[in-house]
Amino acid sequence: MLADRPYNRASMVTERMPEMPAATASAPAAGSAAADRALRAQLLATEHWSLLATRSLSWNESFARAGMFLTLLSGAIVALALVAQATSFGEGFVVFALLLLPVLLVVGLATYARLLEVNNEDLVWVAGMNRLRRAYLELAPDLERHFVTGVTEDRSGMLRTYGAVVETGGGLLHGLITTPGTIAFVNAMLAAVLAAVATIALQTAMAPAAGLGVVVFIASFLVLYWWGYRSQRMAGLVMGRLAEALPRQGESTAPDGPAS
């Protein structure tokens with residue numbers, strides 16, 4: 001009878017509570033793993049945007065430096081024209097040109113050197129973004145077909161991010177139409193004009209001065225082009241060594257689960 005059974009409220013509550021399913025017990029672990037993946041994606045996206053902003057600043061500096069040099073060159077040409085008109089291309093014009101052209105050449109060489117540095121820095125930023133895209137694919141491998149840019153740091157992956165077509169020998173010709181290539185052409189022309197004016201100052205005839213100017217132009221442009229090619233080559237070798245230290249595509253270095 002009920003009267004004979006001792007009253008135990010705790011036992012009655014225990015009997016009425018159902019057992020906790022196993023899925024409910026594993027829910028906190030699954031939630032922790034999802035939160036960890038979301039945190040990783042957020043950190044990668046933040047770094048990606050940081051690289052994009054840095055790359056934008058680098059290109060803005062590149063265009064600003066090139067524009068500053070070309071503006072200075074335009075002003076110098078106008079000044080030379082005014083002096084030539086005032087002195088009828090006499091001794092005063094030669095002296096003024098010999099004072100002005102070296103300054104322009106120094107500014108042009110400094111601009112060219114900085115443009116090469118910006119290109120090498122941009123190579124690092126692009127390689128970093130490729131590395132981050134690879135990390136995205138480690139988090140979500142099924143998204144690979146949606147990526148039109150590269151996810152590796154080798155030559156093909158870098159060219160894919162730049163939107164370039166891989167062609168044998170195309171790099172040498174492409175260098176002629178880049179911003180550093182254009183500045184190198186202008187610097188070579190400045191060096192040629194400076195050499196010609198200096199030759200005229202020595203009371204030399206016009207024909208030998210023009211011939212010397214042509215030789216100086218060709219030699220200067222070849223030296224500057226070799227400088228730019230060597231700079232890009234060295235940057236590519238450094239990036240290649242960094243890429244070799246990374247695991248191959250398809251290998252994941254991410255931990256299996258959240259750190260304890």
Side-chain angles (χ1 to χ4, degrees), residues 28-68 111-167 170-171 174-175 177-181 183 228-229 231-260:
S32 177
D36 181 74
R37 290 174 63 87
L39 178 61
R40 290 173 182 270
Q42 182 179 2
L43 293 175
L44 292 174
T46 302
E47 177 64 13
H48 201 153
W49 280 107
S50 176
L51 292 178
L52 284 174
T54 305
R55 190 184 183 197
S56 177
L57 291 175
S58 298
W59 278 102
N60 288 338
E61 180 188 359
S62 176
F63 294 142
R65 291 291 294 268
M68 179 183 66
T111 301
Y112 180 70
R114 181 53 189 157
L115 291 180
L116 293 180
E117 291 180 355
V118 169
N119 276 0
N120 294 338
E121 292 171 3
D122 186 69
L123 190 68
V124 176
W125 311 146
V126 172
M129 288 189 287
N130 280 11
R131 184 179 298 187
L132 292 176
R133 292 189 192 95
R134 179 172 178 172
Y136 294 153
L137 292 181
E138 291 178 356
L139 294 176
D142 58 308
L143 298 180
E144 183 175 5
R145 61 189 180 90
H146 299 289
F147 284 21
V148 298
T149 49
V151 295
T152 59
E153 297 174 45
D154 54 5
R155 176 178 173 81
S156 60
M158 298 293 289
L159 289 178
R160 182 178 175 183
T161 299
Y162 279 113
V165 179
V166 180
E167 295 179 357
H174 178 72
I177 62 175
T178 60
T179 303
I183 298 300
Y229 178 78
S231 176
Q232 186 180 20
R233 183 73 174 175
M234 294 299 296
L237 291 176
V238 172
M239 296 307 302
R241 295 191 186 100
L242 293 178
E244 290 176 359
L246 294 174
R248 299 181 180 273
Q249 186 176 5
E251 298 179 358
S252 176
T253 57
D256 296 335
S260 57

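FYI, the numbering just counts along the sequence from 1.
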Legend entry - Evaluation steps, side-chain contact (heavy atoms from CB on, under 4.5 Å), between Asp36 and Arg40: CA-CA 6 Å; Asp36 181 74; Arg40 290 173 182 270; 2.8 Å; yes

Inset, instruction - State the CD-CG distance between Glu121 and Leu116, to the nearest 0.5 angstrom. - result: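 Rounded to the nearest 0.5 Å, the CD-CG separation comes out at 11.0 Å.
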
Legend entry - Approximate separation, where rounding is to 0.5 Å, of Leu132 CG and Glu138 CD: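 It comes to 11.0 Å.
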
Nearest heavy-atom pair of [X] and [Y]: which atoms, and what distance?
X      : Y      : answer
Ser58  : Val118 : O-CG1, 3.5 Å
Ile183 : Ala66  : CD1-CB, 4.3 Å
Gly150 : Asn130 : O-OD1, 3.0 Å
Asn120 : Ser231 : ND2-OG, 2.8 Å
Pro180 : Asn119 : CG-ND2, 3.4 Å

Inset, instruction - Find out whether Arg134 and Glu153 are in side-chain contact, i.e. whether some heavy atom of one side chain is under 4.5 Å from a heavy atom of the other. - result: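 No - every pair of side-chain heavy atoms lies 4.5 Å or more apart.
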
Legend entry - Any side-chain heavy-atom pair of Arg131 and Thr152 under 4.5 Å: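 Not in contact.
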
Legend entry - Full working for side-chain contact (heavy atoms from CB on, under 4.5 Å) between Leu123 and Tyr162: CA-CA 10 Å; Leu123 190 68; Tyr162 279 113; 4.2 Å; yes

Legend entry - Test log, rule side-chain contact (heavy atoms from CB on, under 4.5 Å), inputs Leu139 and Leu44: CA-CA 11 Å; Leu139 294 176; Leu44 292 174; 3.9 Å; yes

Inset, instruction - Go through Thr149 and Arg160 one step at a time and tell me if the side-chain hydrogen bond (donor to acceptor under 3.5 Å, both in side chains) criterion holds. - result: CA-CA 6 Å; Thr149 49; Arg160 182 178 175 183; over 6 Å; no

Legend entry - Ring geometry between Tyr136 and Phe147 (parallel below 30°, tilted from 30 to 60°, perpendicular above 60°):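 Rings of Phe147 and Tyr136: perpendicular, over 60°.
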
Inset, instruction - Indicate yes or no for a side-chain donor-acceptor contact from Thr54 to the backbone of Ser50 under 3.5 Å, with no hydrogens or angles considered. - result: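 Yes, Thr54 side chain to Ser50 backbone: donor-acceptor pair under 3.5 Å.
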
Inset, instruction - Might you work through the salt bridge (Lys or Arg N to Asp or Glu O under 4.0 Å) test for Glu61 and Arg114, ending with a clear yes or no? - result: CA-CA 9 Å; Glu61 180 188 359; Arg114 181 53 189 157; 2.8 Å; yes

Legend entry - Residues Glu47, Met129; criterion side-chain contact (heavy atoms from CB on, under 4.5 Å); working and verdict: CA-CA 9 Å; Glu47 177 64 13; Met129 288 189 287; over 6 Å; no

